[in-house]
2 protein chains.
Amino acid sequence: MTVQRVSRSSRSTAFKEVRSRLRSRGLRWTPQRRALIDVLSATDGHVTGAELVELCRDRDPETTPSTVYRTLEVLEEIGLVKHSHGRDGRQEFHIAPASEHGHAICENCGEVRELSEGDVAGLVGSLGKRGFAVDLSHLTVGGLCPRCGNSGVPLA
Amino acid sequence: MTVQRVSRSSRSTAFKEVRSRLRSRGLRWTPQRRALIDVLSATDGHVTGAELVELCRDRDPETTPSTVYRTLEVLEEIGLVKHSHGRDGRQEFHIAPASEHGHAICENCGEVRELSEGDVAGLVGSLGKRGFAVDLSHLTVGGLCPRCGNSGVPLA
DNA sequence: GAGCTTGCTGCAAGAGGTTGCATTAGCATC
DNA sequence: GATGCTAATGCAACCTCTTGCAGCAAGCTC
């Protein structure tokens with residue numbers, strides 16, 4: 001439950017931007033959405049849905065999961081966040097980066113690393129030739145990271 | 001709930017093999033396991049956990065989910081089945097093939113296609129150089145298949 | 001065939017996530 | 001500021017697994 005601090009100003013800038021993006025689509029700006037965006041802008045890396053619900057509850061104990069998940073859906077639609085699936089298939093969210101990317105997840109320690117364009121170029125090209133348009137944010141590969149792969153007891 | 005028919009003989013061959021594989025590890029052969037293997041050997045492609053529970057219930061309405069999921073775990077341990085995660089993060093099982101492979105899942109129609117070694121060679125090599133040992137059965141990529149990508153309304 | 005060990009089952013409870021529906025409340029308009 | 005449209009919320013129920021535990025039974029030994 002470590003939360004990275006960001007400056008007050010960058011946070012409120014994010015608010016205004018999201019608010020106008022919502023409004024331009026006829027969507028509404030509610031306290032619950034504000035809280036979630038606040039939480040999201042203060043977190044780093046990848047967060048699971050359950051963690052976000054938990055963090056929102058820290059701010060407002062009344063928070064209900066369905067609202068959080070529905071808001072995340074909306075935020076993904078307007079391009080603010082992206083979700084991918086962790087090693088156990090659970091959803092993980094992160095603030096949308098400049099470029100889409102895949103993820104490599106260590107099946108032992110759970111560490112997530114982002115894949116570079118070079119890593120996936122072959123796969124994207126190969127599938128592209130067969131007419132399959134790859135969605136990089138939904139490219140997940142499991143395996144063992146260097147630390148876990150080299151140790152004596154890689155898997156439980 | 002479509003179930004592919006296979007010959008009686010190939011089915012009972014599978015039984016004997018699994019039974020001995022279990023016994024050699026000190027594991028037991030129970031009616032519930034027999035039922036699940038029966039179901040598995042009669043299905044084609046990828047099945048979700050819930051579907052397997054349902055199919056087992058068709059044979060024995062007493063079937064409980066926990067038994068099915070625990071049996072699937074055991075069968076994966078002895079190498080009979082493999083699981084991967086579908087587009088919504090749900091578990092999908094399939095009878096273990098000769099070689100491990102990744103999956104490409106269409107985010108529109110849900111179709112699953114298997115990735116060839118050539119498709120993933122670049123990614124596996126690239127990650128391998130950095131010390132990450134790829135587990136091919138946990139390589140999943142989302143996107144749009146040729147049918148859905150070319151149609152006028154690719155996504156809902 | 002009886003006894004014994006211990007792996008397996010079924011139950012119940014719980015976690016994470018989704019969905020339907022009645023109610024509430026943004027916000028545009030007057 | 002009052003009104004009305006409708007998006008968003010909160011609740012409850014549900015789905016898909018997962019886990020702990022007590023009791024059952026597979027199958028080894030004698």
Side-chain angles (χ1 to χ4, degrees), chain A residues 1 15-16 18-37 46-57 59-78 80-81 83-93 110 156, chain B residues 1 15-16 18-37 46-57 59-78 80-81 83-93 110 156:
Chain A
M1 196 103 49
F15 278 154
K16 269 182 212 152
V18 177
R19 180 173 187 172
S20 61
R21 268 201 260 179
L22 286 172
R23 296 279 285 274
S24 70
R25 295 191 178 213
L27 303 174
R28 290 170 191 172
W29 183 242
T30 66
Q32 292 85 346
R33 288 183 176 181
R34 192 194 147 105
L36 179 56
I37 288 158
H46 304 74
V47 217
T48 65
E51 276 165 0
L52 285 172
V53 170
E54 206 49 52
L55 287 167
C56 284
R57 283 210 165 125
R59 285 162 200 259
D60 175 9
E62 307 284 281
T63 308
T64 52
S66 54
T67 300
V68 173
Y69 287 109
R70 274 189 285 227
T71 301
L72 284 167
E73 235 170 71
V74 170
L75 295 180
E76 188 157 10
E77 254 179 65
I78 66 172
L80 190 77
V81 302
H83 86 270
S84 53
H85 294 284
R87 53 181 166 160
D88 52 359
R90 268 169 201 158
Q91 289 190 86
E92 294 196 341
F93 297 86
Chain B
M1 197 98 56
F15 278 155
K16 269 181 214 155
V18 178
R19 182 173 186 174
S20 61
R21 267 202 261 181
L22 286 171
R23 296 280 285 274
S24 70
R25 294 190 178 215
L27 303 173
R28 288 171 191 171
W29 183 242
T30 66
Q32 292 86 346
R33 289 184 175 180
R34 191 192 148 108
L36 178 56
I37 288 158
H46 304 73
V47 215
T48 65
E51 275 165 0
L52 285 174
V53 170
E54 208 47 56
L55 287 167
C56 284
R57 283 210 165 125
R59 285 161 200 256
D60 175 10
E62 307 283 282
T63 307
T64 52
S66 54
T67 300
V68 173
Y69 287 109
R70 275 189 284 227
T71 301
L72 284 166
E73 233 171 71
V74 170
L75 295 180
E76 189 157 10
E77 253 179 66
I78 66 171
L80 190 78
V81 303
H83 86 272
S84 52
H85 294 285
R87 55 184 164 156
D88 51 0
R90 269 169 203 158
Q91 289 191 87
E92 293 195 341
F93 296 85

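We use all heavy atoms of the structure for the numbers below, so side chains are in, but hydrogens, waters and symmetry mates are not. Chain letters run A, B, ... following the sequence lines, proteins first, then strands; residues in each count from 1.
With a 4.5 Å cut-off on side-chain heavy atoms, A:Ile37 and A:Trp29 count as touching. The side-chain heavy atoms of A:Leu75 and A:Thr71, taken from C-beta on, include a pair separated by under 4.5 Å. Side-chain contact check for A:Leu36 versus A:Thr63: every heavy-atom pair is 4.5 Å or farther apart.
When the P atom of C:dT18 is taken as reference, atom CD of A:Glu76 falls 11 Å away, rounded to whole Å. Residue B:Arg57 contributes atom CZ, which lies 11 Å from atom P of C:dG10 at whole-angstrom precision. As rounded to whole Å, 16 Å separates atom P of C:dG16 from atom CD of B:Gln91. What separates CD of B:Glu92 from P of D:dC17 is a distance of 9 Å, to the nearest Å. The nearest whole Å value for the distance from the CG atom in B:Leu75 to the P atom in C:dC8 is 11 Å. Distance CG (B:Leu52) to C1' (D:dT16): 13 Å, rounded to an integer number of Å. When the P atom of C:dC8 is taken as reference, atom CZ of B:Arg25 falls 12 Å away, rounded to whole Å. Whole-Å rounding puts the B:His85 NE2 to D:dC17 C1' distance at 11 Å.
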Revision key, fill the gap. A correct 5'-to-3' footprint of nucleotides 4-15 of chain D, with B, S and - meaning base, sugar-phosphate only and no protein heavy atom under 4.0 Å, is --BBSBBB----

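Atoms CZ and OG1, from A:Arg33 and A:Thr67 in turn, are 9.0 Å apart once rounded to the nearest 0.5 Å. The CG atom of B:Leu72 sits 5.5 Å away from the CG atom of B:Leu52 when rounded to the nearest 0.5 Å.
Contact detail for A:Val53 and A:Pro65: the closest heavy-atom pair is CG2-CA, 4.1 Å.
In this model, the phosphate group of D:dC17 is approached by a side-chain N or O of B:Tyr69 to a distance below 4.0 Å at OP1 or OP2.
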